[in-house]
Amino acid sequence: MTSLEPLPLTTAPPKERVAYLDNARYWVMLLVVIGHVLTQFTEMDSARGVYVWIYSFHMPFFVLISGYTARNYVGDARQVRRIVSTLVVPYLITETALQLITRHYTGEPDPLMILSPQWLAWFMAALFIWRLTTPIWRALRYPITTSIIISLAVGLIEVPNVLALPKVLGFLPFYVVGMHMNRQIFERLGATSVRIASATLLGAALVVCYIYSKSWTTDWLLWKQRYDEDPLSATALEGITQRAELLVIGFVLTFAALSLVPRAKSWTTALGGRTFYAYLLHGYFILVLDLQFDLFDKIDQYGVNAVIACILGAFILANLLMTKPVSRIFRPIFEPRLKGLFREAEEKKAAAEADKA
């Protein structure tokens with residue numbers, strides 16, 4: 001990790017995209033979509049092990065990358081406008097729509113709980129909170145240690161699910177560590193010896209998950225319940241110990257996965273630049289297939305063949321949702337320009353000051 005240098009009061013528009021980061025986004029988005037599909041089969045041994053393996057590091061991976069890319073946040077006019085247009089608006093649209101769909105089929109939630117995310121929109125709320133608190137983590141003397149203490153302690157108390165606060169605080173160390181990453185660390189992870197060790201480690205972790213996940217409560221991987229709450233039902237010491245183990249596993253497997261991400265620009269780079277739409281849209285497909293067509297219950301009888309088919313389907317769906325036509329159609333919805341909402345003069349002044357810096 002590295003110390004954080006002082007930042008200017010304003011920031012310039014983002015420069016050219018980094019292929020490595022977009023490649024990382026692509027691969028982690030595949031894990032996100034596949035993991036959400038496998039949620040439907042966690043009672044099946046052939047799917048449970050893969051599910052536990054994915055969930056042990058895919059969100060830590062995503063959060064760490066988010067922390068790295070947000071490390072320069074200072075809250076100037078351009079950044080605030082970006083937060084509103086790419087986090088607040090998509091959150092409200094996605095959470096409202098998903099809750100309406102769920103209520104149509106199940107009658108719940110009633111009334112709607114827009115500030116209490118029920119599923120994937122929690123990550124938009126988390127990014128919003130993490131981004132706004134970035135200056136705090138830059139100012140603290142021991143930000144990583146503080147974030148770890150918060151993550152371990154949050155499971156001891158009742159924290160309301162307002163803007164997914166239990167998960168926001170639980171995953172916080174990954175975001176703060178991501179803020180302290182630099183290009184040199186990523187480059188060292190790309191060493192041949194590290195990549196060989198990482199591939200071996202990830203493969204061994206998959207085997208261990210397959211063997212031991214049958215007797216383990218997967219709700220620990222959701223990072224949102226109190227330690228003494230069902231189905232965790234752990235003492236304070238047991239809960240802190242289990243959360244600490246998950247933090248270690250999450251970091252180790254995340255760095256292993258980061259070492260295997262390709263550095264060169266390829267077809268995954270372009271798709272990785274559009275993971276935003278895949279994340280927001282894939283949940284609608286899963287909900288409709290589940291609630292409208294009862295697909296997952298119908299194919300459950302086919303066992304491992306059903307799991308393989310769903311993984312392939314998730315792979316295809318994720319790639320389709322990262323294509324350019326999808327981004328063109330949904331950008332005006334999920335990334336509105338909102339020109340009438342902000343003071344244009346102040347934004348131009350901020351940009352001009354950034355150019356002089």
Side-chain angles (χ1 to χ4, degrees), residues 24-44 46-63 65-66 90-91 93-102 105-106 117-127 161 164 166-167 170-171 174 206 209 213 217-225 246 250 253-254 257 271-272 274-300 304 306-322 326 330 334:
R25 292 187 183 97
Y26 170 82
W27 291 108
V28 76
M29 183 51 59
L30 287 185
L31 294 178
V32 168
V33 179
I34 292 172
H36 283 160
V37 169
L38 290 180
T39 303
Q40 313 296 326
F41 301 100
T42 54
E43 297 302 319
M44 190 183 303
S46 57
R48 188 181 181 89
V50 179
Y51 169 87
V52 170
W53 180 74
I54 289 176
Y55 269 69
S56 63
F57 74 94
H58 82 305
M59 287 315 301
F61 185 117
F62 217 158
V63 175
I65 289 294
S66 299
Y91 171 84
I93 293 173
T94 303
E95 188 59 33
T96 301
L98 290 177
Q99 288 195 26
L100 285 172
I101 293 173
T102 303
Y105 290 102
T106 68
Q118 305 299 297
W119 192 22
L120 56 84
W122 80 268
F123 192 59
M124 313 304 294
L127 288 176
N161 192 42
K167 301 185 75 162
F171 282 110
F174 300 106
L206 177 58
C209 288
S213 64
T217 303
T218 58
D219 290 78
W220 286 102
L221 297 168
L222 301 180
W223 299 69
K224 67 179 183 180
Q225 294 163 308
L246 288 175
L253 295 185
T254 291
L271 295 178
R274 296 187 284 265
T275 54
F276 182 68
Y277 307 102
Y279 185 83
L280 294 176
L281 294 171
H282 78 276
Y284 296 103
F285 289 89
I286 295 176
L287 270 187
V288 171
L289 290 175
D290 182 26
L291 300 177
Q292 174 65 38
F293 300 103
D294 200 24
L295 175 67
F296 302 108
D297 285 338
K298 290 179 179 177
I299 66 175
D300 184 71
V304 67
V307 173
I308 294 174
C310 284
I311 290 177
L312 291 175
F315 176 86
I316 295 171
L317 175 64
N319 278 274
L320 288 176
L321 293 179
M322 286 186 274
V326 172
F330 288 96
F334 289 130

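Quick note: numbers below take in every heavy atom, side chains included, and nothing from hydrogens, waters or symmetry partners. Counting begins at 1 with the first residue of the sequence.
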Candidate pair Phe41 and Asp300, rule side-chain contact (heavy atoms from CB on, under 4.5 Å), full reasoning: CA-CA 8 Å; Phe41 301 100; Asp300 184 71; 3.9 Å; yes
Test log, rule side-chain contact (heavy atoms from CB on, under 4.5 Å), inputs Met124 and Leu280: CA-CA 9 Å; Met124 313 304 294; Leu280 294 176; 4.0 Å; yes
Stepwise side-chain contact (heavy atoms from CB on, under 4.5 Å) check, Leu320 with Val326: CA-CA 8 Å; Leu320 288 176; Val326 172; 5.9 Å; no
side-chain contact (heavy atoms from CB on, under 4.5 Å) evaluation trace for Tyr55 with Met59: CA-CA 7 Å; Tyr55 269 69; Met59 287 315 301; 5.9 Å; no
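Considering every non-hydrogen atom in both Ala24 and Ile65, the closest pair reads CB-CD1, 4.4 Å. In terms of heavy atoms, Phe296 sits closest to Ile286 at CE1-O, 3.9 Å. The two residues Gly250 and Phe174 make their nearest non-hydrogen contact at C-CE2, 3.8 Å. Scanning both residues, Ala318 and Ala278, for their nearest heavy atoms gives O-CB, 4.1 Å. Closest of all the heavy-atom pairs between Gly35 and Tyr51 is O-CD1, 3.9 Å. In terms of heavy-atom proximity, Ile299 sits nearest to Cys310 at CD1-SG, 3.5 Å.
Between the CG atom of Leu287 and the CD atom of Gln99 there is a distance of 11.0 Å, given to the nearest 0.5 Å. Summarising the geometry, atom CG belonging to Asp219 is positioned 9.0 Å from atom OG1 belonging to Thr42; distances are rounded to the nearest 0.5 Å. Rounding to the nearest 0.5 Å places CG of Leu222 at 5.5 Å from NZ of Lys167. In this structure, the separation between OG on Ser66 and CZ on Phe61 is 10.5 Å, given to the nearest 0.5 Å. The line from CG of Leu98 to CD1 of Ile93 is 11.5 Å long, rounded to the nearest 0.5 Å. Between atom CG of residue Leu291 and atom OG1 of residue Thr106 there is a gap of 7.0 Å, rounded to the nearest 0.5 Å.
Formation of a donor-acceptor pair under 3.5 Å by the Gln118 side chain with backbone atoms of Glu95 is not found in this model. Listed for the Arg48 side chain is no donor-acceptor partner under 3.5 Å among the backbone atoms of Glu43. The backbone N or O of Tyr279 lies less than 3.5 Å from a partner atom in the side chain of His282, making a donor-acceptor pair. Side-chain atoms of Asn161 do not come within 3.5 Å of backbone N or O of Pro166 as any donor-acceptor pair. Distance alone, capped at 3.5 Å, places no donor-acceptor pair between the Tyr105 side chain and the Val288 backbone. Side-chain atoms of Arg25 never come within 3.5 Å of backbone atoms of Thr275 as a donor-acceptor pair (strictly under, hydrogens ignored). Of the possible polar contacts, one joining the Lys298 side chain to the Phe293 backbone as a donor-acceptor pair under 3.5 Å is found. Under a 3.5 Å cut-off, the side chain of Ser56 and the backbone N or O of Trp53 do form a donor-acceptor pair.
Under the 4.5 Å side-chain criterion, counting only non-hydrogen atoms from C-beta, Leu127 is not in contact with Tyr91. The shortest distance between side-chain heavy atoms of Phe315 and Val33 does not fall below 4.5 Å. A 4.5 Å side-chain heavy-atom check between Ile311 and Val37 finds every atom pair outside the cut-off. Residues Leu295 and Asp290 are not in side-chain contact: their nearest non-hydrogen atoms beyond the backbone lie 4.5 Å or more apart.
Between the side chains of Asn319 and Tyr26, a donor-acceptor pair is found at a separation under 3.5 Å.
For Phe123 and Phe62, the gap between ring centers is short of 6.0 Å.
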